[in-house]
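Each chain gets a letter, A, B and so on, in the order its sequence line appears, and its residues count up from 1. These figures come from a predicted structure and were not determined experimentally.
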2 protein chains.
Amino acid sequence: MKTQTIAKQLHALGNPTRLAIYRQLVRAGETGMPVGKVQKALKIPASTLTHHLQRLIGAELVKQERDGNELFCSVNFDKMRTMINFLEEECCADVCDTAMAS
Amino acid sequence: MKTQTIAKQLHALGNPTRLAIYRQLVRAGETGMPVGKVQKALKIPASTLTHHLQRLIGAELVKQERDGNELFCSVNFDKMRTMINFLEEECCADVCDTAMAS
DNA sequence: ACTATATTTCTAGAAATATAGTAATAGTTT
DNA sequence: AAACTATTACTATATTTCTAGAAATATAGT
């Protein structure tokens, strides 16, 4: 069920540390950045960082790819879009009035 | 800190039951719908529902307003927008390439 | 006051989570 | 292969969360 998947993704982002990691990666764009660089940027103990990254990867929000010595992490932007759409779609499907005027 | 606030909101949505509740309310638009109606629609025990609603309210994603016997719940669409923007803003700020072409 | 309906508080057990130290592994370079 | 860097697995502890039953409270109608 889709709700499960999206909830898992939102849950993954629903932690200040992970949200900071994710944002850092969002800034890094398609190229992404190596784990070590994230660690230095945010000053998170390596073991803690791995734990959180696994969470984000498990939710398919982030992917990893090795480049020699380093492991590059990057955001899965498609999934991000899908997740956001899920929240917005069917807005006011039952009662349509002034909501979401943006 | 803003990250804390947004993380709290994402966390609030990061539970299948709560996500279902939230979506139900998104569908209901500005008018919202009473707690009892949500309960019937989703078949959640009242006490459990209250617990989850408090979570959503605590995150300022949902607000309540009494109308006689019933307590109407409705989505705070402004906060929703802010939350989503937080995820998207600064996208690729560090490295700008093909990401998020939508 | 009595009754009905709507919603919340109290409570608690089971499961999941966050954090981080230490040990281990994998890949690179010399 | 040894030394080095990068990353993960193992482990432990404190804390939070999910769930829902039973009792309590709030509001309205009679």
Side-chain angles (χ1 to χ4, degrees), chain A residues 1 3-25 28 31-75, chain B residues 1 3-25 28 31-75:
Chain A
M1 224 238 231
T3 307
Q4 300 285 328
T5 309
I6 305 287
K8 188 175 180 181
Q9 295 177 336
L10 290 165
H11 191 179
L13 293 176
N15 168 278
T17 305
R18 274 196 303 270
L19 184 54
I21 294 168
Y22 188 74
R23 278 200 112 207
Q24 187 74 226
L25 295 178
T31 315
M33 61 195 283
V35 178
K37 199 171 170 190
V38 176
Q39 200 208 322
K40 267 151 210 152
L42 302 177
K43 299 193 179 91
I44 303 168
S47 61
T48 305
L49 178 56
T50 292
H51 168 248
H52 287 309
L53 278 174
Q54 292 312 321
R55 212 55 131 46
L56 291 169
I57 291 165
E60 294 188 294
L61 287 170
V62 166
K63 51 192 187 315
Q64 282 182 328
E65 195 178 355
R66 180 169 286 279
D67 178 21
N69 214 2
E70 291 172 321
L71 198 55
F72 272 74
C73 308
S74 60
V75 167
Chain B
M1 229 241 230
T3 307
Q4 300 286 327
T5 309
I6 304 288
K8 189 175 180 181
Q9 294 177 337
L10 290 165
H11 191 179
L13 293 176
N15 169 277
T17 306
R18 273 197 303 272
L19 185 54
I21 295 168
Y22 187 75
R23 277 198 114 207
Q24 187 74 225
L25 295 178
T31 316
M33 61 194 286
V35 177
K37 199 171 170 190
V38 176
Q39 200 209 321
K40 267 151 212 152
L42 301 176
K43 299 192 180 88
I44 304 168
S47 62
T48 305
L49 177 56
T50 293
H51 168 247
H52 286 308
L53 278 174
Q54 291 312 321
R55 213 54 132 49
L56 291 168
I57 291 165
E60 294 189 294
L61 287 171
V62 167
K63 51 192 187 311
Q64 282 182 329
E65 195 178 355
R66 183 167 283 279
D67 178 20
N69 215 4
E70 291 171 321
L71 198 54
F72 272 75
C73 308
S74 59
V75 167

So for the helix from C:dA1-D:dT30 to C:dT30-D:dA1, with five pairs setting each end axis, what is the inter-axis angle to 10°?
30°
Can you tell me if the side-chain N/O atoms of [X] get under 4.0 Å from OP1 or OP2 in [N]?
X: A:His52; N: C:dT17; result: no
X: B:Thr17; N: D:dT19; result: yes
X: B:Ser47; N: D:dA20; result: no
X: A:Asn15; N: C:dA18; result: yes
X: B:Arg66; N: D:dA26; result: no
X: B:Gln54; N: C:dT8; result: yes
X: B:Thr48; N: D:dT19; result: no

Taking for each residue the nucleotide of DNA chain D with the nearest heavy atom, is it B:Arg55 or B:Ile44 whose nucleotide lies nearer the 5' end?
B:Arg55
With a cut-off of 6.0 Å (strictly less than), are more than 12 heavy atoms of other residues, nucleotides or ligands near NZ of A:Lys63?
yes
Of all the choices, D:dT7, D:dT5, C:dT17, which nucleotide is nearest to the side chain of A:Glu70 once you look at every atom?
D:dT7
How many angstroms lie between CZ in B:Arg18 and CD1 in B:Ile21, if you round to the nearest 0.5 Å?
8.0 Å
